[in-house]
Every structure is written in C-alpha cells, then in structure tokens.
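Working notes, beginning with the structure itself.
None of the values given here were measured: they were computed from a predicted structure. Atom set for the values below is all heavy atoms of this structure, side chains included, hydrogens, waters and symmetry mates excluded. Per chain, numbering begins at 1; letters A, B, ... match sequence-line order.
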Protein chains: 2
Amino acid sequence: MKQQAIIHELQRLGLRNTRIRRELVAIFQHADNPLAVPDIARELADRRLYPNKTTLYREVSRLARCNLISELDIGDGKKRYEMQTDHHHHLVCEQCHAITCVPIANQLCQLEEELAIHHDFSISRHTLEFYGTCRKCQKAGGGRR
Amino acid sequence: MKQQAIIHELQRLGLRNTRIRRELVAIFQHADNPLAVPDIARELADRRLYPNKTTLYREVSRLARCNLISELDIGDGKKRYEMQTDHHHHLVCEQCHAITCVPIANQLCQLEEELAIHHDFSISRHTLEFYGTCRKCQKAGGGRR
DNA sequence: ATTTTTGCAAAAGGTTTGCATTGAC
DNA sequence: GTCAATGCAAACCTTTTGCAAAAAT
C-alpha cells in the first residue's frame with residue numbers, strides 16, 4: 001500500500017489527515033525493521049521534530065488497532081511495530097538484536113484447527129518467532145561474550 | 001522433578017540453599033499457570049512473607065538462566081515464568097488472559113533447519129503462542145465487550 | 001462549530017542498579 | 001571467615017492518564 005492509499009484508508013476509517021500520522025506512515029514505510037516508540041521518537045528528534053511521546057503511543061496503537069501496522073513483541077520490554085504486510089515471522093538475534101523477517105508458508109492452519117476443536121478455544125492469531133544468532137554475530141562473537 | 005531434586009540441582013549449580021529459593025521452587029511447583037514476579041510477590045504477601053521485590057526479580061531470572069524455569073512473554077508487559085517441563089506452547093485468551101498449555105508434537109524442526117540454512121542463522125529456540133477466546137469467554141462474552 | 005487530535009505534567013507499572021547488611025557454607 | 005544472597009532506596013524505562021489547548025473537518 002502506498003502513502004496516498006494509506007491516507008485515504010485513514011480517512012475512510014474516520015481518522016483525520018494530520019502531520020503526525022503522515023510522518024508515522026512515512027517512517028514505517030521506509031523502515032526495514034520493526035520499530036518501537038522510543039526508536040520513532042529518536043528518529044523524529046534527529047530531524048528536529050519533537051513530537052510528544054504520549055501522542056506517539058496513542059497514534060501507534062491506533063494504527064495497530066486499524067490494522068495498518070502490526071505489533072511485534074520480542075520480549076525485551078518494548079513493543080515494536082511494522083507496516084502490515086503478508087503474514088510472516090521473525091528471526092531475532094539474541095546478541096545484536098537484529099530482526100529479520102521470514103515469510104512462511106503457513107503450516108499452522110491445520111494445527112490451529114485441531115487446537116481450536118480440542119480445547120474449544122477460538123484462535124484469532126498466533127505469534128511465532130525464532131531466536132538465535134545471526135550470521136554476523138556467529139562470525140564476530142564466536143568465542144567471546 | 002521434585003522439590004528435593006531441585007534443591008540438589010541448585011546446589012550442583014553452586015547456588016546456596018536459601019529460604020527464598022525454596023519458596024520460589026515450591027510456588028512454581030504448585031502453580032497451574034505461568035507467574036509474573038508481581039504475582040509471586042502478591043502470593044507471598046498473602047502468606048505474610050514480604051520478600052523484597054529486587055530479590056524476587058534477581059532470583060527468578062537466575063532460575064531461568066539455570067533452566068529450572070522458563071520464561072513466557074504474552075505481550076502484556078510482564079514476563080511470566082513456569083516450571084521447566086517438556087517443550088510446549090500456549091493458548092492465551094485475549095479477554096480474560098487465561099493461559100492454557102498445549103504440548104505440541106514439534107512440527108517446527110524441519111522448518112527451523114531450512115530457515116537456519118537459508119538465512120545462515122543459528123536457531124536456539126522459538127516462541128509460538130496462540131491468541132483468541134477461551135471457552136468461558138466465548139459463552140460469557142458473546143455479544144458484549 | 002464541532003469533534004478529533006495534540007501537548008504537557010504527572011504517574012503508573014515492571015524492572016534494574018548500587019551499596020550496605022545478612023546469612024550460607 | 002569468605003563469598004553469595006538479601007534488603008532498601010533510588011532510579012530507569014516504557015507506557016498510560018487526565019485535562020487543557022490547538023487543529024482538522
């Protein structure tokens with residue numbers, strides 16, 4: 001989805017076309033990694049824009065609620081967000097915290113159905129992330145650390 | 001593993017046999033849900049024991065590092081811990097936050113191998129949790145909320 | 001003009017740090 | 001006696017809340 005389409009989407013959802021929203025959309029579109037609110041704040045600060053953090057938190061969670069961005073939690077105490085795209089998962093490096101997206105042909109559908117029936121639990125989504133050591137850190141950090 | 005075995009395991013790891021550790025082990029053994037530190041503190045407070053929270057955090061993360069308990073993050077800002085047992089995953093109810101463990105025949109091994117080779121990323125573990133609505137909430141919360 | 005959005009200050013909630021004291025071995 | 005473990009106070013960090021001011025429709 002491109003910038004314009006997103007702005008329209010926002011309006012369709014009854015959200016007004018504001019500066020912060022445009023900036024957030026642009027940031028997420030250019031990001032090559034999921035971003036946490038503090039990351040975004042820093043990025044904007046670098047550009048001499050100092051949006052209020054309350055606003056960022058509010059806006060980001062609104063965009064997530066509207067399914068324009070999706071939420072990722074790698075267990076380090078911050079929620080990260082990325083442009084909503086096809087369903088995928090992540091490789092998270094435990095040393096340098098780099099995050100790589102991996103599209104995965106969904107092998108979990110059948111499993112979900114079985115679980116749903118067996119536990120009488122209606123599944124709406126799942127999270128699946130892989131943790132380990134990325135290429136760079138395998139080479140660099142070999143013995144030390 | 002039973003209480004005694006765990007105490008021995010602690011000692012084998014060079015950890016001293018202290019009151020707090022014994023209490024923690026007992027709590028985790030009787031827990032039927034993963035527990036966060038604030039939960040544990042509350043539980044101990046109910047029993048008129050008021051351990052320092054710093055100690056709890058330190059101790060819990062030590063037990064996790066020693067693989068006596070395992071960590072679970074359901075994305076609500078608290079880390080939960082549960083007795084280390086066989087590999088399993090969780091059904092997390094988005095309404096009442098109940099957590100159900102589901103043992104899963106690991107279908108992910110092959111996928112992990114493929115990912116590892118393809119991305120030159122050495123995978124050490126993964127997280128897989130399912131979110132949705134539990135039976136109780138399906139009945140109770142049907143239309144409202 | 002109305003309603004949403006923003007900014008600010010304050011606080012909440014989980015977690016960590018530094019340092020002195022206590023307790024296990 | 002030695003070193004690990006505990007307690008306390010303070011801080012850290014992300015996130016939330018309440019309310020008034022500003023901007024979008």
Side-chain angles (χ1 to χ4, degrees), chain A residues 6-27 34-45 47-66 68-69 71-82 97, chain B residues 4 6-27 33-45 47-66 68-69 71-82 97:
Chain A
I6 291 174
I7 303 293
H8 285 142
E9 180 65 11
L10 284 177
Q11 298 190 314
R12 199 184 62 70
L13 292 165
L15 301 180
R16 293 176 177 177
N17 175 0
T18 69
R19 188 169 71 79
I20 297 258
R21 263 171 212 150
R22 272 175 267 126
E23 247 142 36
L24 282 177
V25 169
I27 283 183
L35 299 172
V37 169
D39 302 330
I40 298 173
R42 229 170 289 122
E43 184 155 340
L44 288 172
R47 298 203 246 131
R48 300 287 125 83
L49 305 167
Y50 300 97
N52 188 271
K53 66 184 164 161
T54 306
T55 306
L56 290 183
Y57 280 105
R58 243 177 336 213
E59 228 28 69
V60 158
S61 66
R62 179 149 26 204
L63 296 181
R65 239 179 299 117
C66 296
L68 288 170
I69 58 181
E71 198 179 292
L72 166 68
D73 192 322
I74 62 170
D76 68 342
K78 309 187 242 189
K79 291 187 177 158
R80 279 154 223 269
Y81 300 87
E82 62 190 330
H97 301 110
Chain B
Q4 271 316 307
I6 291 175
I7 303 291
H8 284 142
E9 179 66 9
L10 284 176
Q11 299 190 313
R12 199 185 60 73
L13 293 164
L15 301 181
R16 292 177 179 175
N17 176 0
T18 68
R19 188 170 69 80
I20 298 260
R21 262 172 212 149
R22 272 175 268 125
E23 249 143 35
L24 281 177
V25 169
I27 284 185
N33 267 314
L35 298 173
V37 169
D39 302 330
I40 297 172
R42 227 171 291 124
E43 184 154 341
L44 287 173
R47 296 204 246 131
R48 300 286 126 82
L49 305 167
Y50 301 96
N52 189 271
K53 63 184 168 166
T54 305
T55 305
L56 291 183
Y57 281 106
R58 244 178 334 215
E59 228 27 69
V60 157
S61 66
R62 178 148 25 204
L63 296 182
R65 236 180 301 117
C66 296
L68 288 170
I69 58 181
E71 197 179 292
L72 166 67
D73 193 321
I74 63 169
D76 69 341
K78 310 187 240 189
K79 291 186 177 158
R80 279 155 223 270
Y81 300 85
E82 62 190 332
H97 303 110

For A:R21, report the nucleic acid contact type (base, sugar-phosphate, nothing); a contact means any heavy atom under 4.0 Å.
-> sugar-phosphate
How long is the gap from CD1 on B:I69 to CD on B:E82, to the nearest 0.5 Å?
-> 9.5 Å
Below 4.0 Å: OP1/OP2 of D:dT16 and any side-chain N or O of A:Y57 | no
Which ones in residues 35-45 of chain A lie close to DNA chain C, meaning a heavy atom under 4.0 Å from one of its atoms?
-> none
Rounded to the Å, how far apart are B:R19 CZ and C:dA24 P?
-> 10 Å
Within the modelled atom types, does a donor on one side and an acceptor on the other bring the side chain of A:R58 and the base of D:dT16 under 3.5 Å apart?
-> no
What integer distance in Å separates B:L10:CG from D:dA4:P?
-> 16 Å
Confirm from the modelled atom types if B:T54 and D:dA9 form a donor-acceptor pair under 3.5 Å, side chain to base only.
-> yes
With a 4.5 Å limit on heavy-atom distance, are the side chains of B:V25 and B:L68 in contact?
-> no
Could you tell me whether the side chain of B:R80 reaches within less than 4.5 Å of the side chain of B:N33, counting heavy atoms only?
-> no
For atom CZ of B:R22 and atom P of C:dG23, their distance in whole Å | 13 Å
Report yes or no: is there a donor-acceptor pair, N or O only, under 3.5 Å between the side chain of A:T18 and the base of C:dT4?
-> no
Using whole Å, report how far CG of B:N52 lies from C1' of C:dA20.
-> 13 Å
Mind grabbing the angle between the end helix axes of the helix from C:dA1-D:dT25 to C:dC25-D:dG1? Five pairs an end, 10° rounding.
-> 30°
Any side-chain heavy-atom pair of B:T18 and B:L10 under 4.5 Å | no
Note, B:D76 side chain near B:H97 side chain (heavy atom, < 4.5 Å) | no
With a 4.5 Å heavy-atom cut-off, do A:N17 and A:Q11 have their side chains touching?
-> yes
On DNA chain C, check which nucleotide each of B:K78 and B:N17 is closest to and give me the residue with the more 5' one.
-> B:K78
Do you know the tightest heavy-atom contact between A:D73 and B:G75?
-> OD2-CA, 3.2 Å
Out of D:dA4, D:dT15, D:dA24, which nucleotide sits closest to the side chain of A:R16?
-> D:dA24
Using a cut-off of 4.0 Å on non-hydrogen atoms, how would the nucleic acid contact of B:R62 be classed: base, sugar-phosphate, or nothing?
-> sugar-phosphate
Map B:Q11 and A:E59 onto DNA chain C by nearest heavy atom, then report which one ends up closer to the 5' terminus.
-> A:E59
B:Y50 OH to D:dC8 P: how many Å, rounded?
-> 13 Å
Side-chain-base donor-acceptor pair under 3.5 Å for A:K53 and D:dT14 = no
What is the distance, rounded to the nearest whole Å, between atom CD of A:E71 and atom C1' of D:dT14?
-> 13 Å
Euclidean distance, A:I27 CD1 relative to A:R22 CZ, rounded to 0.5 Å | 13.0 Å
Using residues 49-59 of chain B as the side-chain source, report each donor-acceptor pair under 3.5 Å to any protein atom, sequence neighbours left out, with the distance given to one decimal.
unit_1	atom_1	unit_2	atom_2	d
B:N52	OD1	B:T54	N	2.8
B:N52	OD1	B:T54	OG1	3.0
B:E59	OE1	B:R21	NH2	3.4
B:E59	OE1	B:R62	NH2	3.3
B:E59	OE2	B:R21	NE	2.6
B:E59	OE2	B:R21	NH2	3.0

For the pair made of CG in B:D73 and C1' in C:dG14, what is the distance, rounded to whole Å?
-> 12 Å
Between D:dG7 (C1') and B:L56 (CG): distance, integer Å = 11 Å
Answer whether the closest heavy-atom distance between the side chains of A:V60 and A:L35 falls below 4.5 Å.
-> no
